[in-house]
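Each chain gets a letter, A, B and so on, in the order the sequences are listed, and its residues count up from 1. Side-chain atoms are counted along with the backbone in the values below, which use heavy atoms only and exclude waters and symmetry mates.
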Amino acid sequence: MKYQAPRGTQDILPKDSSKWQNILNVSKKNLEFYGYKEIIIPVFEHTELFQRSVGESTDIVNKEMYTFLDKSDRSLTLRPEATAGVMRAYIENGLHRDPKPVKLWSFGPMFRYERSQTGRYRQFHQINAEVLGSTSTSCEVEAMHLLSSIFHELSIDFRIEINSLGDEDSRKKYKEYFQKYTKGFLSDLCDDCKRRYEQNPLRMLDCKVKADQEIYAGAKKPTEFLSETSNKRWEEIKTLLGLYKDKAQRTIKNIVTNPNMVRGLDYYNDFVFEIISTDETLKGQSTICAGGRYDNLVESIGGPKTPGFGFAMGVERLMLVVKESGEKETSLMFITNQDDSYNITDELFKHTEHENLKLTVEINYNPGNITKQIESALKKNIDFILFYLDEEKKNNKIKIRNLKTREEMEIPAKAENIVEIVRRSISTKK
RNA sequence: GCAGUUGUCGCCAAGUGGUUAAGGCCCCGGGUUGUGGUCCCGGUAUUCGCGGGUUCGACUCCCGUCAGCUGCCCCA
């Protein structure tokens, strides 16, 4: 074989694409139910937009961006995440003058130059959602319900972990405290943490090295340094999510606080969360959704001061964890000679459109041997076969056979009669 | 970016220096021009991820490279 897909890219084959679409459809349905509207934005942006918004100190900007010069020497970057571009579009198109909150969702490929593994790709896809213009804790609470609903509908086992990083003030105080706390241990820490000590002390908290964790275990957590307003928010969210109630009384049962959780992007403040699949096939990459509040992002890239909240779901990771592929369509196969069955299929198509019926039709490409055609229909797991051969045509009839129940009947050769039979079989199945 | 590991047909694989690279599944054709998955017969790798090297001779050994997987880093 001559060509291979580049490292970290993936083909979604026909056998999997219906699962993919199901993930998208379920997400879209839930998002739009809560008032999110779709926004479609470019796959690349000016490099500077990501540097500013995602943050110069992040790994994403430092080593993972697909950056290139176009023929006019503009520095462009394939988007590593969606929020920056959505914010740019929000400002540029004056959506900040729309009634608040503005709720947007989007879907598409993202690009990060990293080592690929199961559930981690260089081109990967996210379903992304943003709420702009509201500081209400309803943003957070509603999102937890919305996401629970999506993952329940997709039959995924998951757990939600939440935390608060606090506002700028809270984080500054915590950073000072934490640096002071760890200073004496500096020589005992792993190399990564030594580096993080200066660059991003918060990140030390979710270090995977056991010895380091033992050192940090004695330290206070960011939530103990929350400013008054941040603390009020945090308590309100926990109350609204029922964390102070008995587990049995909560509407979302599998939600816990994780005081060590931090985020990889710089723009978050206060509430942050991750949704973790408890399915073991995901191994190291078990986070299927993550997000948080970003009240300073819009302003930092030149827009009016606008509070924001958002999250992203990783579609490739969901693909590994979702078992079902959604509603199966009913399939028909015509056993016929290569002539005028298309009159009927054209009619059928119009009926399926009007009646919102999921039907797929196949006309056997190799007419001749009837036995082989039936075998072919069985192999393809077809639901109905339609005999429309000389004998039937003479009487203007069709023989329709349900391959699952083996029932067969002769009906007028008309689309509406076929649709009726199919409908009847679907309703008795349910 | 670092470390380990793997790569023979669409899939699962045998083969470990010696002529034409097993087998199974799938797929295609036939037995069977009008009705059920069985069965039988036949077909499908000038080539072992790719490129070099060693050798009389390489799927087998060496080097490089590409890709997958696992851990780290980080993240959806």
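Here B/G64 sits opposite B/C50 as a Watson-Crick or G-U wobble pair (both hydrogen-bonding atom distances under 3.5 Å). Base pairing of B/G71: its partner is B/C2, meeting the Watson-Crick or G-U wobble criterion (both donor-acceptor distances under 3.5 Å).
Between the A/Asn93 side chain and the A/Ala89 main chain, a donor and an acceptor come within less than 3.5 Å of each other. No donor-acceptor distance shorter than 3.5 angstrom exists from the side chain of A/Asn402 to the backbone of A/Arg406, with no hydrogens or angles considered. A/Ser134 contributes a side-chain N or O that, together with a main-chain N or O of A/Ser136, makes up a donor-acceptor pair within less than 3.5 Å.
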Pairs under 3.5 Å (N/O, protein and nucleotides 35-37 of chain B):
from, atom 1, to, atom 2, distance (Å)
B/U35, O2, A/Arg401, NH1, 3.4
B/U35, O2, A/Arg401, NH2, 2.4
B/U35, O4, A/Lys399, NZ, 3.2
B/G36, N7, A/Arg401, NH1, 2.6
B/G36, N1, A/Leu403, O, 3.4
B/G36, N2, A/Leu403, O, 3.3
B/G37, N2, A/Leu378, O, 3.2

Would you tabulate the nitrogen or oxygen pairs shorter than 3.5 Å linking the protein to nucleotides 41-44 of chain B?
none

Identify each atom pair where a protein N or O and an N or O of nucleotides 64-71 of chain B are less than 3.5 Å apart, giving names and distance.
from, atom 1, to, atom 2, distance (Å)
B/C66, O2', A/Gln4, OE1, 3.3
B/A67, OP1, A/Arg7, N, 3.4
B/G68, OP1, A/Gly8, N, 2.8
B/G68, OP2, A/Arg7, NE, 2.9
B/C69, O3', A/Thr118, OG1, 3.3
B/U70, OP1, A/Thr118, OG1, 2.7
B/U70, OP1, A/Lys283, NZ, 3.3
B/U70, OP2, A/Thr118, N, 3.0
B/U70, OP2, A/Thr118, OG1, 2.7
B/G71, OP2, A/Gln117, OE1, 3.4
B/G71, N7, A/Gln117, NE2, 3.3

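One atom, CZ of A/Arg112, and another, P of B/G1, lie 17 Å apart when rounded to the nearest Å. In this entry the distance linking NZ of A/Lys372 with C1' of B/G31 reads 8 Å, nearest Å.
If you take atom P in B/U16 and the same atom in B/A21, they sit 15 Å apart, rounded to whole Å.
Under the 6.0 Å distance and 45° angle rule, A/Lys393 counts as a cation-pi partner of A/Tyr388. A cation-pi arrangement is present between A/Arg122 and A/Tyr113 under the rule of less than 6.0 angstrom and at most 45 degrees off the ring axis.
Classification of the A/Phe178-A/Tyr181 ring pair by plane angle, with boundaries at 30° and 60°, yields parallel. The aromatic rings of A/Tyr294 and A/Tyr267 sit perpendicular to each other, their planes meeting at more than 60°, with 30° as the lower class boundary.
The residue A/Glu274 sits apart from the nucleic acid: no heavy atom pair falls under 4.0 Å.
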